[in-house]
Novice: 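Here's a structure for you.
Small disclaimer: the values here were computed from a predicted structure and weren't measured. In listed order, ligands and their atoms are each counted from 1.
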Amino acid sequence: MRDCLFCKIINKEVPSEIIYEDDLCIAFKDINPRARVHLLIVPRKHIPTIADLEEGDEALMGHLIGVAKKLAEKNECKSYQLLFNVGREAGQIIFHVHLHLMGN
Ligand code: AMP
Ligand code: ZN
C-alpha cells in the first residue's frame, strides 16, 4: 500500500529496529516507547484497522498474539499489555493493524 508507513517499514523502504520477521508478520521497536519493552507486531498484509478484518483473517490475528507471547518471554517481561487501538478516537494514528506489546 503506497503511503503507508508500516508497509514501507515492512518493505525496508523506511528503517526501523526490526527484531522479528516471519512469512506473516514483522515486529519492531516502537519509536516512542512507553514501557521498558515496547514492540509493534505488524501483519505483512495491509489491513487499516481491526474494524476492517475479513473472514479468514482470524488465524493471522491469532498468529500475532502467539508472536507477542514469544517476544515477551524472550525479553523477560514479567507482565505485559497487548493492545490494539481501533479508530482515531481510540488513539490509532497508523492505519495499518499493529499489536502493541508493552512490558516491564
Ligand atoms: P497507534 O497509536 O496504535 O496507531 O500506534 C502507532 C505507534 O507507532 C505509536 O506508538 C508510535 O510511537 C509508533 N511509530 C510511529 N512511527 C514509527 C516508526 N517510524 N517506527 C516505529 N514506531 C513508530
Ligand atoms: Zn500498510
Novice: So does Arg36 get a backbone contact from the side chain of Asn104, meaning a donor-acceptor N/O pair under 3.5 Å?
Specialist: yes

Novice: Considering both backbone and side-chain atoms of Leu40, is one of its nitrogen or oxygen atoms within less than 3.5 Å of a nitrogen or oxygen in ligand 1?
Specialist: no

Novice: Answer side chain, backbone, both or neither: which part of Phe6 comes under 4.0 Å from ligand 1, heavy atoms only.
Specialist: side chain

Novice: Give the atoms of ligand 1, by number and element, whose distance to some non-hydrogen atom of His98 is under 4.0 Å.
Specialist: 1 (P), 3 (O), 4 (O), 5 (O), 6 (C)

Novice: Angle at the Zn ion (ligand 2): provide the value between SG of Cys7 and SG of Cys4, rounding to 10 degrees.
Specialist: 120°

Novice: Answer yes or no: is there a donor N or O on one side and an acceptor on the other, between the side chain of Glu73 and the main chain of Leu71, under 3.5 Å?
Specialist: no

Novice: For N/O/S atoms only: which one belongs to His96 and is nearest the Zn ion (ligand 2)?
Specialist: ND1

Novice: Would Arg34 count as a contact residue for ligand 1, given that I'm defining contact as a non-hydrogen atom of the residue lying under 4.0 Å from a ligand atom?
Specialist: yes

Novice: Is ligand 1 less than 4.0 angstrom away from at least one heavy atom of Ser16?
Specialist: no

Novice: Is there a ring-ring contact (aromatic ring centres under 6.0 Å, His included) between His96 and His98? Walk through the geometry before answering.
Specialist: CA-CA 6 Å; His96 179 135; His98 50 281; 8.0 Å; no

Novice: Taking atom CD as the centre, does Glu21 end up with more than 12 heavy-atom neighbours from other residues, nucleotides or ligands that are less than 6.0 angstrom away?
Specialist: yes

Novice: Taking Gln92 for the side chain and Pro48 for the main chain, is one N or O donor matched with an acceptor at less than 3.5 Å?
Specialist: yes

Novice: Relative to ligand 1, is Leu83 under 4.0 angstrom through side chain, backbone, both or neither, heavy atoms considered?
Specialist: neither

Novice: Inspect the surroundings of CZ in Arg88 and state if more than 12 heavy atoms from other residues, nucleotides or ligands are less than 6.0 Å away.
Specialist: no

Novice: Output the list of atoms in ligand 1 that are nearer than 4.0 Å to some heavy atom of Asn32, sorted by atom number.
Specialist: 12 (O)

Novice: At under 4.0 Å between heavy atoms, is it the side chain or the backbone of Phe28 that contacts ligand 1, or both, or neither?
Specialist: side chain

Novice: Give a yes or no on this: more than 12 heavy atoms of other residues, nucleotides or ligands lie within 6.0 Å of atom CD of Glu89.
Specialist: no

Novice: For ligand 1, which atoms have a heavy atom of Gly91 less than 4.0 angstrom away?
Specialist: 1 (P), 2 (O)

Novice: Is the contact between His100 and ligand 1 made by the side chain, the backbone, both, or neither, using heavy atoms and a 4.0 Å cut-off?
Specialist: side chain

Novice: Can you tell which of Ile9, Asn85, Val14, Ile31 gets a heavy atom nearest to atom 23 (C) of ligand 1?
Specialist: Ile31

Novice: If you count heavy atoms of other groups shown closer than 6.0 angstrom to CD of Glu58, is the number above 12?
Specialist: yes

Novice: Just jot down the ligand 1 atoms closer than 4.0 angstrom to any heavy atom of Ile93, in number order.
Specialist: 1 (P), 2 (O), 4 (O), 6 (C)

Novice: How is the N/O/S atom of His46 that comes nearest to the Zn ion (ligand 2) named?
Specialist: ND1

Novice: Could you check whether the rings of Phe28 and Phe6 sit parallel, tilted or perpendicular, using 30° and 60° as the cut-offs?
Specialist: perpendicular

